There are 2 protein chains.
Amino acid sequence: MAVRKQIESSLSVQEPLKRKGLSVTDSRKKILQLFMQQKGALSHGDIEKKAGATFDRVTIYRTLQTFLDKGIIHAIPSSDNAVRYALCQDECGPGHHHHQHIHFICGRCKQTFCLDDIVTPDLHLPKGYQSQEIDVLVKGTCKQCSATSKRA
Amino acid sequence: MAVRKQIESSLSVQEPLKRKGLSVTDSRKKILQLFMQQKGALSHGDIEKKAGATFDRVTIYRTLQTFLDKGIIHAIPSSDNAVRYALCQDECGPGHHHHQHIHFICGRCKQTFCLDDIVTPDLHLPKGYQSQEIDVLVKGTCKQCSATSKRA
DNA sequence: TACAAAAAAGCAACATAGTTGCAAAAATCA
DNA sequence: TGATTTTTGCAACTATGTTGCTTTTTTGTA
């Protein structure tokens with residue numbers, strides 16, 4: 001039955017929500033699930049497409065905002081006016097994000113990935129500048145796409 | 001006379017346009033001037049405000065796109081759905097951008113600056129990933145704002 | 001399990017941002 | 001100066017994001 005499947009897969013989804021003190025609702029479960037099934041980052045539009053007409057657009061906006069606030073996802077800047085979101089790895093608290101990883105944007109498959117193993121480098125800023133957060137965006141060709149093009 | 005002033009200040013503005021093979025129009029002069037007068041980066045909205053009702057919105061979009069294509073300005077990613085633009089320093093050709101500098105986003109004055117002297121660091125990417133371009137965004141407090149808060 | 005309080009979702013209406021095609025105006029070049 | 005090419009402005013449209021309010025769902029407790 002489809003129902004059983006739903007219940008099973010949503011079990012692992014409920015836990016993080018509860019841990020963050022959020023009430024467990026259909027849209028939150030669904031959206032969190034989408035993120036967990038996904039290697040790359042998701043934009044609001046991606047979620048709208050993937051979730052189909054299940055949820056109101058507004059609900060998606062508000063859910064993303066809630067997830068951001070609670071430190072479940074983090075926003076990845078972009079230069080195409082489509083901010084993407086991805087799951088936080090380590091424990092990010094409300095407001096406190098601890099991200100040291102970099103983001104890779106593939107020009108071929110257009111996906112954005114978190115490279116969790118690559119730590120953001122230290123920078124020497126000019127006198128007077130105080131750094132709070134560093135975001136490194138690397139554009140190029142991802143592992144998968146590099147491999148496919150070689151074989152072709 | 002206001003006219004003379006216009007002509008004088010637009011002289012330095014015409015040159016880069018011509019060098020890039022662009023016809024010299026009022027909107028291009030005005031928008032390029034805005035960038036040259038400005039320390040920080042400008043979003044489409046900023047330009048719309050600063051240019052007043054002088055130009056059509058569409059013209060601003062198209063001018064920014066043209067400047068991007070010709071390597072006169074570069075786009076700075078953001079996580080607030082407001083891509084900002086700033087003048088290119090060295091010679092960037094069409095398609096070929098050579099930026100090694102980092103971008104600083106001040107949380108206080110909300111301005112974005114190019115720190116031209118800070119070179120983007122080398123990164124060791126995982127096997128298979130090919131890097132073409134690196135964008136470093138640093139969020140924090142800028143020189144000016146740091147100074148003001150100390151005195152206050 | 002049922003119920004009241006609190007939280008979230010849905011809806012509608014609105015505001016802003018970005019795109020496209022086409023006609024009018026301006027810039028270029030001979 | 002005048003013909004050609006380029007750019008602009010306008011209109012209409014699509015997409016994206018926001019807000020207030022009502023209904024529904026969730027939660028915690030009896």
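Here the structure is a predicted model, which means the values were calculated and not measured. Proteins come first, then strands; the chains are lettered A, B, ... in the order of their sequence lines, and each starts at number 1.
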Trainee: Residues from residues 41-49 of chain A sitting under 4.0 Å of DNA chain C, heavy atoms only?
Mentor: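 Those residues: none at all.
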Trainee: Of the nucleotides dG17(D), dT7(D), dA9(C), which one has an atom closest to the side chain of T59(A)?
Mentor: dA9(C)
Trainee: Distance-only, no hydrogens or angles: does the K110(B) side chain make a donor-acceptor pair with backbone N or O of G107(B) under 3.5 Å?
Mentor: yes
Trainee: Considering every strand and a 4.0 Å limit on heavy-atom distances, what is the contact class for R57(A): base, sugar-phosphate, or nothing?
Mentor: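 Here R57(A) touches the bases of the nucleic acid.
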Trainee: Between N81(A) and dG18(C), is there a side-chain N or O to OP1/OP2 distance below 4.0 Å?
Mentor: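 True: N81(A) side-chain N/O within range (under 4.0 Å) of dG18(C) OP1/OP2.
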Trainee: Are any side-chain N or O atoms of R108(A) and backbone N or O atoms of C142(A), one a donor and one an acceptor, separated by less than 3.5 Å?
Mentor: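 No, because the side chain of R108(A) does not come within donor-acceptor range (under 3.5 Å) of the backbone of C142(A).
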Trainee: In terms of heavy-atom contacts, does CD of Q111(B) have more than 12 from other residues, nucleotides or ligands at under 6.0 Å?
Mentor: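 Check passes, neighbour count above 12.
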Trainee: Check the distance between dC11(C)'s P and I60(A)'s CD1 and give it to me in whole angstrom.
Mentor: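 So the two atoms are 13 Å apart, to the nearest Å.
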Trainee: Measure from CG on D80(B) to P on dT16(D) and round the result to the nearest Å.
Mentor: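 The distance from CG of D80(B) to P of dT16(D) comes to 17 Å, rounded to the nearest Å.
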Trainee: For Q65(B) and dA17(C), give me the distance from atom CD to atom P, rounded to whole Å.
Mentor: 18 Å
Trainee: Once rounded to the nearest 0.5 Å, what's the spacing between atom CD of Q14(A) and atom OG1 of T25(A)?
Mentor: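 Between Q14(A) CD and T25(A) OG1, I get 10.5 Å after rounding to 0.5 Å.
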Trainee: Test your reading of the model: is there a side-chain donor-acceptor pair from K18(A) to the backbone of E15(A), 3.5 Å cut-off?
Mentor: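 Looks like no, no N/O pair under 3.5 Å.
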Trainee: Nearest-Å distance, CG (L17(A)) to P (dT25(D))?
Mentor: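 Nearest whole value for this atom pair: 18 Å.
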Trainee: What is the distance, rounded to the nearest whole Å, between atom CG of L64(A) and atom C1' of dG17(D)?
Mentor: 12 Å
Trainee: Is it the case that the side chain of T59(A) and the backbone of F55(A) share a donor-acceptor pair, with hydrogens and angles ignored and the cut-off at 3.5 Å?
Mentor: no
Trainee: Write down the protein N/O and nucleotide N/O pairs, taken from nucleotides 20-29 of chain C, whose separation is under 3.5 Å; answer none if there are no such pairs.
Mentor:
residue: dT28(C); atom: OP1; partner: V24(B); partner atom: N; Å: 2.8

Trainee: For nucleotides 3-5 of chain D, list the nitrogen or oxygen atoms of the protein found under 3.5 Å from its nitrogen or oxygen atoms, one pair per line.
Mentor:
none

Trainee: For R84(A), give me all partners under salt bridge (Lys or Arg N to Asp or Glu O under 4.0 Å), at least two apart in sequence or on another chain.
Mentor: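 In terms of salt bridge (Lys or Arg N to Asp or Glu O under 4.0 Å), with neighbours along the sequence ignored, R84(A) is linked to D80(A).
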Trainee: How large an angle, rounded to 10°, do the end axes of the helix from dT1(C)-dA30(D) to dA30(C)-dT1(D) enclose when each is built from five base pairs?
Mentor: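 About 40° separates the two local helix axes.
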Trainee: Which residues pass the ring pair (Phe, Tyr, Trp, His ring centres under 6.0 Å) test with F35(B), not counting sequence neighbours?
Mentor: none
Trainee: Counting the atoms with a prime plus P, OP1 and OP2 as sugar-phosphate, which does T66(A) contact under 4.0 Å by heavy atoms, base, sugar-phosphate, or nothing?
Mentor: nothing
Trainee: CD/E133(B) to OG1/T120(B) distance, rounded to the nearest 0.5 angstrom?
Mentor: 10.0 Å
Trainee: Of all the heavy-atom pairs spanning L115(A) and L125(B), show the shortest one and how long it is.
Mentor: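 For L115(A) and L125(B), the tightest heavy-atom pair comes out as CD1-CD2, 3.9 Å.
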Trainee: May I have the distance from D56(B) (atom CG) to dT19(C) (atom P), rounded to whole angstrom?
Mentor: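 To the nearest whole Å, that distance equals 14 Å.
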Trainee: Could you work out which one of dG18(C), dA9(C), dT8(D) sits closest to the side chain of R28(A)?
Mentor: dA9(C)
Trainee: Expressed as a whole number of angstroms, how long is the span from K30(A):NZ to dA9(C):P?
Mentor: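 These atoms are roughly 15 Å apart.
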Trainee: Using 30° and 60° as the class limits, which term best fits the ring planes of Y129(A) and F113(B): parallel, tilted or perpendicular?
Mentor: perpendicular
Trainee: So with a 6.0 Å cut-off around CD of E48(B), is the heavy-atom count from everything else above 12?
Mentor: yes
Trainee: Using the six-membered ring wherever Trp is involved, compare the ring planes of H103(A) and H74(A) and label them parallel, tilted or perpendicular (cut-offs 30° and 60°).
Mentor: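 Because their plane-to-plane angle is under 30°, the rings of H103(A) and H74(A) count as parallel.
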Trainee: Could you tell me whether D117(B) atom CG has more than 12 heavy atoms of other residues or ligands within 6.0 Å of it?
Mentor: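 Check fails, neighbour count at 12 or below.
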